[in-house]
Amino acid sequence: MPSLLIQHGTILDPSQKLERKADLLLRDGRIASIGDDLGKADRVIDAAGCFVTPGLIDIHVHFREPGDEEEETIASGAAAAVAGGFTTVCCMPNTKPPLDNEAQIEFVCRESQRVGLANVFPVGAITKGREGKELAEIGSMHRRGAVAFSDDGVGVADPSVMRKALQYAKMFDTVLMQHCEEPSLSGGAMHAGLVSTTLGLAGIPAEAEQLMISRDLLLNRTIGCRYHVQHISTAWSVELIRQAKRDGQTWVTAEVAPHHLLLTDETCRTFDTNYKMNPPLRTAADLKACIAGVIDGTIDCLATDHAPHLAEEKELEFQFAPFGIIGLEGALALYAKALVEPGHIPWMKLIEMMTGRGARIVKLDKGTLREGADADVTIIDPNRPWTIDAEQFRSFSRNCPFHGSQVNARPTHTIVGGEVKWEL
Ligand SMILES: [Zn+2]
Ligand SMILES: [Zn+2]
């Protein structure tokens with residue numbers, strides 16, 4: 001494998017608290033060294049004016065293979081990932097059939113290797129068929145390479161099933177990721193509030209999310225399984241996680257998606273179904289609380305919840321269109337816009353929340369530029385104004401509410417295992 005020297009950039013590695021101008025040498029798929037005058041290499045990349053960071057990691061994406069390959073495949077999803085600066089992603093199990101057994105887990109791992117772009121790690125289902133009734137084979141899926149477990153798309157509604165899942169997952173020290181939504185309070189198309197009432201659309205109340213989070217925290221309090229709240233969206237959800245952490249529940253983590261940091265339910269007045277996702281866009285107060293949760297460390301990491309859908313499905317009326325938007329190819333710029341550019345957090349923290357934090361949650365030995373680590377590296381230009389253009393995306397889908405948005409930060413090179421997999 002040719003060696004690669006990245007020159008003149010600013011190394012930004014939260015795992016070593018390193019922020020300084022230096023060169024980075026990659027050799028044989030590993031980080032060889034950081035420093036000055038590192039000698040010759042087969043290829044040299046000039047990263048002047050750019051950050052050189054650990055490869056970005058997104059622990060929450062949906063690739064639609066098997067079952068809906070016209071929306072996204074593992075190959076197209078992995079191509080979208082590297083185009084967004086991501087070297088590692090974890091894909092959710094709500095495929096058709098779902099990833100609820102060893103064979104499905106093996107399929108994703110094999111396909112990820114065959115495609116050879118971003119590393120794609122599977123998340124196994126918590127329950128068989130994601131039906132919430134009977135536990136799936138968590139142990140054997142874990143052995144085959146499932147890095148986490150979730151029934152995403154739905155939460156595990158039955159408390160006795162969830163309790164068993166927490167006890168069982170605890171034995172393997174794996175993480176349960178929950179899509180927190182109490183089904184008896186759900187069924188709407190957008191956030192339940194003033195706007196939904198005005199529009200005459202059925203709403204999903206904030207309590208649907210909060211109720212399941214509080215229930216899970218209570219069930220898990222004495223079990224202590226690693227428990228991760230997916231796509232947190234309400235002010236009180238953030239407060240619940242804050243209190244759990246204050247209470248010493250170190251096994252609790254949470255993520256937030258870019259749209260919940262940038263958009264509110266007011267956008268639904270357009271009836272544009274690219275503003276329809278689950279959890280729904282909430283109020284300005286909720287958005288502010290999510291940002292506060294990022295600032296004070298209540299929210300651990302950033303994830304896109306990249307959810308591709310066909311244009312003809314998204315063209316249905318608001319109440320009938322499917323939930324979800326794609327996110328991988330604009331995420332970095334949108335996070336910078338939501339968090340760094342207004343001065344909420346520095347770049348170092350943003351990169352930490354997009355690399356090492358996610359890696360720790362799913363226990364991957366990644367998200368670092370330490371010598372000997374996998375040579376997964378992203379080069380980022382923080383000052384390169386561009387317009388998000390969904391037509392240019394590698395993803396098979398186009399459902400993106402940020403199409404046409406002016407943003408500033410952009411990945412210029414994505415390097416996986418020492419090989420340049422994407423460059424601007
Ligand atoms: Zn979800
Ligand atoms: Zn999801």
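All residue numbers refer to positions in the sequence shown, counting from 1. In listed order, ligands and their atoms are each counted from 1. Computed from a predicted structure; not experimentally measured.
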For the Zn ion (ligand 2), every protein N/O/S atom that sits closer than 2.8 Å, waters excluded: His60 NE2, His62 NE2, Asp152 OD2, Asp305 OD1
Heavy-atom pair with the smallest gap, counting every atom of Ser150 and Val123: N-CG1, 3.7 Å
Axial cation check for Trp251 ring with Arg226, 6.0 Å and 45° limits: no
Lys/Arg N to Asp/Glu carboxylate O, Arg163 vs Asp158, below 4.0 Å: no
Lys96 with Glu69: basic N within carboxylate O range, under 4.0 Å: no
Partner residues of Phe172 under the ring-ring contact (aromatic ring centres under 6.0 Å, His included) criterion, sequence neighbours left out: His142, Tyr168
Presence of salt bridge, Lys349 and Glu352, under 4.0 angstrom: no
